[in-house]
Amino acid sequence: MKILNYGSLNLDYVYQVPNFVRAGETVSALRRDVNIGGKGLNQSIALARAGAEVYHAGCVGKDGKMLTDFLQQNGVNTSLIACVEEPSGHAIIQVDPNGQNCILIHGGANRCITEAQIDAALEQFAIGDFLLLQNEINDIDLIIQKAHQKGLTVVLNPSPITAELLQADLQNVDWFLLNETEGAALADLPDCDADAVMQALRIKYPQSKFVLTLGSAGARYFDREKHVNVAARRVQAVDTTAAGDTFTGFFLGELLRGGTVENALELASCASALTVTKAGAAQSIAPLEQVLEFQKQ
Ligand code: RIB
């Protein structure tokens, strides 16, 4: 089984700040870095580091060579990434002294995907393969429907959640991997009570499986019949960027290897805990051996 990740590739402009900028305020950054990121790219790196055979599809601009190079260096197949006239997507990320972040994204090339490109990419995959999507590219709903028709297992990380995504037909999504905020929005609930979100999503998407990440409260898998919780690993946060992406990649990596949901949750929790101990996005994702070492502690 292989996995097609149709997703964003971003240049991340990361600013270490004493506090997040408020309306009307000017803040002087303590440091700036240009990193490799994008929820899609980060998840491909996490999948590859977890040992999966991963194909990344999407678009970059002429400024995107460092993004595709990084994927290739990490064993991700980049033959389905197109180079377009529009500049690559980018993110402006503020990181505060507690390692928390806030992120502004500009889609750029990530929003230039055509139907012809989608068809050509899906052509390479067959029944039983996985398709992974996040919400930083255009035409998510079209990709979901086409992949479902081909018999692919469709996995959606609905991040960032948008009004447009909430209008889309998501009934053909087999797996949702999402955080509490995204879960509440998808369930049309005002807040993030995990039990309430679970009840509502079971009714709204009875055929789907869910992994709900709950921050310091760990993570929960649920489907129509059962649910499983894992605790979070405690670490000192340096930068939480890409923690969710790491979780997604390692969870799916373990599933693709034939692992149980329980093992996949444990491994993904350990991998994402390690990610928050390092600065940056894609480069903060640890390889499988390090994650397994950490898991033994
Ligand atoms: O999930 C983290 C990612 O979100 C960053 O790398 C940034 O590019 C945004 O897409």
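None of these values were measured; they are calculated from a predicted model. As the structure lists them, so they are numbered: ligands from 1, and atoms in each ligand from 1.
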D139 side chain vs L142 backbone, donor-acceptor pair below 3.5 Å: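 No; judged by distance alone, with no hydrogens or angles, the pair does not exist.
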
Exam field: side chain T240 to backbone G99, donor-acceptor pair closer than 3.5 Å: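 A pair under 3.5 Å: yes.
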
Is [Y] reachable from [X] through a run of hydrophobic residues whose side-chain heavy atoms are each under 4.5 Å from the next?
X	Y	result
I118	L152	yes
L133	L80	yes
Y6	I127	no
L156	F222	yes

Atom pair CD1/CD1 of I92 and I103 - distance to nearest 0.5 Å: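 Going from CD1 on I92 over to CD1 on I103, the span is 11.0 Å.
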
Relative to the heavy atoms of [X], which atoms of ligand 1 are at a distance of less than 4.0 Å?
X	result
A91	7 (C), 8 (O)
G37	6 (O), 8 (O)
N42	2 (C), 3 (C), 5 (C), 6 (O)
A281	6 (O)

Protein heavy atom at shortest distance from atom 4 (O) of ligand 1: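 Atom 4 (O) of ligand 1 sits closest to the protein heavy atom K39 NZ, 3.1 Å.
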
Heavy atom of the protein closest to atom 2 (C) of ligand 1 (residue, atom name, distance):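 Heavy-atom neighbour on the protein nearest atom 2 (C) of ligand 1: D245 OD2, 3.4 Å.
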
N/O to N/O below 3.5 Å, does that happen between [X] and ligand 1?
X	result
E136	yes
I105	no
D12	yes

4.0 Å heavy-atom contact, G38 with ligand 1: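 The answer is yes, since G38 has a heavy atom less than 4.0 Å from ligand 1.
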
L4 vs F130, side chain to side chain contact (heavy atoms under 4.5 Å, CB included): CA-CA, chis, key distance, verdict: CA-CA 6 Å; L4 168 64; F130 276 56; over 6 Å; no

Ligand 1-proximal atoms of N35, by part, heavy-atom distance under 4.0 Å: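 Neither; nothing of N35 gets under 4.0 Å from ligand 1.
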
